[in-house]
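Worth knowing before you read on, the calculation uses all heavy atoms, side chains too, and leaves out hydrogens, waters and symmetry mates. Just so we're on the same page: letters track the sequence lines, and every chain starts at 1.
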Amino acid sequence: MLEIKFVRQNLSEVEKALSARGDTADLETFKTCDEKRRKNLAEIEDLRHRRNVVSDQIAGMKKTGENADVLVLEMREVSGRIKELEKSLSADEEMVSKILMGIPNIPHASVPMGADETDNPLLKQVGERPSVAFEPKPHWDLGEALGILDFERASKITGARFPLYLGQGARMERALINFMLDIHTTEHGYKETLPPFMVNRQTMTGTGQLPKFEADLFKLEGWDYFLIPTAEVPVTNIHQNEVLDEESLPVYYTAYTPCFRSEAGSYGKDTRGLIRQHQFNKVELVKFSKPETSYDELESLLDNAETILKRLELPYQVITLCTGDLGFSAAKTYDIEVWMPAQGVYREISSCSNFEDFQARRANIRFKRKGKKGTELVHTLNGSGLAVGRTFAAILENCQQADGSVVIPEALRPYMGGSEKL
RNA sequence: GGAGAGAUGGCCGAGCUGGCUGAAGGCGCUCGCCUGCUAAGCGAGUGUGUGGUGAAAGCUGCACCGAGGGUUCGAAUCCCUCUCUCUCCGCCA
């Protein structure tokens with residue numbers, strides 16, 4: 001959420017940011033409701049002031065035994081008027097907040113202009129793509145042939161877009177989770193967390209998934225709870241409604257969780273394999289920082305995620321999302337894309353974003369500077385470190401041999417009981 | 001699922017027969033004094049949000065005692081609904 005004052009005073013800038021994103025919002029209604037709201041509020045506060053003063057008078061008169069009937073009668077009217085005005089005030093407030101909650105973050109000045117993903121500039125490419133003398137097979141064929149993935153049985157158990165890992169496959173998924181968590185906790189300074197996989201509406205609103213994107217979420221029937229689409233949601237909300245100490249910043253958390261996404265609107269896309277599932281595993285990195293260091297923190301967060309791919313010796317590239325492809329809450333985002341030889345494309349495996357104070361304002365996460373009055377909003381950041389299912393798929397495709405076997409990356413072998421091959 | 005108790009400021013904890021209580025007292029923290037260091041002692045200060053005014057320090061209006069609604073001239077205090085926590089019983093990994 002943007003600050004209401006900022007929107008009021010910078011309507012044209014907000015308008016510009018919206019159009020750069022290819023988004024819209026009813027700023028006209030915002031303006032009229034906000035003005036009306038402020039005018040009403042001023043009158044209400046005057047009346048309340050009068051009521052407070054006179055109520056004290058009444059109390060004093062009652063004490064000395066004077067008759068206060070005239071004042072009581074007058075205040076009865078004042079209270080009625082207040083109630084009336086409050087009614088129209090809350091209608092305007094609701095409208096203003098509804099519009100405000102639907103306005104995306106302002107892209108950072110360094111974010112390139114662009115319409116969609118085809119305009120995302122390449123930042124760098126790392127690692128050698130495997131040069132193979134044979135036609136590389138897609139990971140779903142490899143996985144099924146090796147008996148470590150079974151999509152048919154998964155769809156029997158639940159439906160389409162759910163994974164079933166078996167044997168060494170299940171073990172490698174678990175190995176990857178531990179491998180990633182170990183690196184982030186022991187080498188990068190993140191604190192490991194294991195949060196709830198379901199969250200309430202307020203939490204979902206705090207990080208920006210609600211109210212605009214309810215269709216993308218799985219909702220529990222009979223409960224106002226949602227399955228998390230990413231660990232970003234529960235972990236960022238750890239400090240919801242808190243004031244952090246300046247000395248405690250920056251705070252780094254990592255978490256493994258499964259992620260649940262309805263994938264509404266993606267019918268027909270990536271229908272095979274592990275790329276687009278309703279349930280997938282992810283190790284997430286979350287940071288809380290002071291505003292002045294958040295962009296440095298974004299760079300190191302990206303580096304932390306890249307480390308995993310480097311250790312696994314998987315070729316990847318990093319792109320900067322342009323204004324048109326930026327997520328709702330993000331001010332700036334880097335995507336890491338891993339090489340998938342069978343499709344001959346790079347696929348997103350991590351998304352690292354700085355949300356600045358956009359989520360902090362919604363979730364009310366602040367910090368206090370030593371020796372200074374008042375509090376400030378923190379900046380929040382997060383990134384995948386990494387999407388586990390997609391990492392699994394990338395290993396199968398990049399490390400496949402002519403005979404259909406897969407060589408396990410060296411760094412992962414200690415987590416696989418020393419096995420060298422699948 | 002059944003029965004009961006509770007939710008107050010950074011923390012602990014009064015108030016809860018409605019009105020000088022934005023909130024006693026204590027702890028913590030900050031500044032000053034004192035003491036050859038430390039400890040103890042003394043004095044002052046110390047919530048958040050939002051609006052007005054001011055160059056600023058500040059002054060000032062309104063709101064906030066789990067959340068929402070109600071009664072009343074006036075509510076932390078009374079009533080209703082909800083959420084959460086704790087205790088006991090039942091059930092269960």
A:I365 CD1 to B:U48 P: how many Å, rounded?
-> 18 Å
Separation of A:L41 atom CG from B:G49 atom C1', in whole Å?
-> 12 Å
Heavy-atom distance under 4.5 Å between the side chains of A:P138 and A:E397, does that happen here?
-> yes
Atom pairs under 3.5 Å, N or O on each side, protein against nucleotides 61-66 of chain B: can you list them with distances?
residue	atom	partner	partner atom	Å
B:G61	O3'	A:H49	ND1	2.8
B:G61	N2	A:E45	OE1	2.5
B:G61	N2	A:E45	OE2	3.1
B:C62	OP1	A:H49	ND1	2.8
B:C62	OP1	A:N52	ND2	3.2
B:C62	O2'	A:R48	NH1	3.0
B:A63	OP2	A:N52	ND2	3.4

Nearest-nucleotide check on RNA chain B, A:R8 vs A:V72; residue mapping nearer the 5' end is A:R8
Any Lys/Arg nitrogen of A:R261 or A:E263 sitting under 4.0 Å from an Asp/Glu carboxylate oxygen of the other?
-> no
What pattern of brackets, bars and dots sums up RNA chain B from 5' to 3', given Watson-Crick or G-U wobble pairs under 3.5 Å, [ ] for crossing pairs and | for another strand?
-> ((((((((.[[[..)...(.....]]]((((((.......))))))(((((((....))))))).[[[[[..)....]]]]])))))))....
Can you name the one residue among A:H239, A:E284, A:K287 that meets side-chain hydrogen bond (donor to acceptor under 3.5 Å, both in side chains) with A:Y253?
-> A:H239
So which nucleotide from B:C73, B:G49, B:G51 ends up closest to the side chain of A:T375?
-> B:G49
Using the C1' atom in both, what is the distance from B:A7 to B:A67, to the nearest Å?
-> 11 Å
Is the phosphate of B:U71, meaning OP1 or OP2, less than 4.0 Å from a side-chain N or O of A:K83?
-> yes
Send over the distance from A:M61 CE to B:C20 P, rounded to a whole Å.
-> 18 Å
Does A:S79 make a side-chain N or O approach to OP1 or OP2 of B:U72 shorter than 4.0 Å?
-> no
So do the side chains of A:T203 and A:F226 get within less than 4.5 Å of each other, counting heavy atoms only?
-> no
In whole Å, what separates the P atom of B:U48 from that of B:U35?
-> 35 Å
With a 4.5 Å heavy-atom cut-off, do A:V388 and A:M180 have their side chains touching?
-> yes
Between B:G51 atom C1' and A:E43 atom CD, what is the distance in whole Å?
-> 15 Å
For A:S88 and A:E84, indicate whether the former's side chain and the latter's backbone hold a donor-acceptor pair under 3.5 Å.
-> no
Atom CG of A:N364 to atom P of B:U50: distance rounded to whole Å?
-> 10 Å
Would you find a donor on one side and an acceptor on the other, under 3.5 Å apart, between the side chain of A:R161 and the backbone of A:R276?
-> yes
Rounded to whole angstrom, note down the C1' distance from B:G66 over to B:A3.
-> 23 Å
Interatomic distance at P, B:U81 relative to B:C29, whole Å | 44 Å
B:A75 and B:G2, which share atom name P, separated by this distance in whole Å = 35 Å
Note: for A:L71 and A:R38 on RNA chain B, the residue whose nearest nucleotide lies more 5' is A:R38
Determine whether more than 12 heavy atoms belonging to other residues, nucleotides or ligands lie under 6.0 Å from atom NZ of A:K219.
-> yes
Could you list all the salt bridge (charged side-chain N to carboxylate O under 4.0 Å, His left out) pairs where at least one residue sits in residues 171-198 of chain A, not counting sequence neighbours?
-> A:E187-A:R311
Neighbour count above 12 (heavy atom, 6.0 Å) for A:M198 CE = no
Rounding to the closest angstrom, what is the interatomic distance between B:G9 and B:C64 at atom P?
-> 15 Å
If the P atom of B:G10 is compared with that of B:A23, how far apart are they to the nearest Å?
-> 15 Å
Quick one: A:L73 CG to B:G74 P, roughly how many Å, whole number?
-> 12 Å
Taking everything shown except A:E247 itself, do over 12 heavy atoms lie less than 6.0 Å from its CD?
-> yes
Integer-rounded Å distance: B:A75 P and A:I82 CD1 = 10 Å
Rounded distance in Å between the C1' positions of B:A76 and B:C65 | 5 Å
Measure from CD on A:E3 to C1' on B:U50 and round the result to the nearest Å.
-> 11 Å
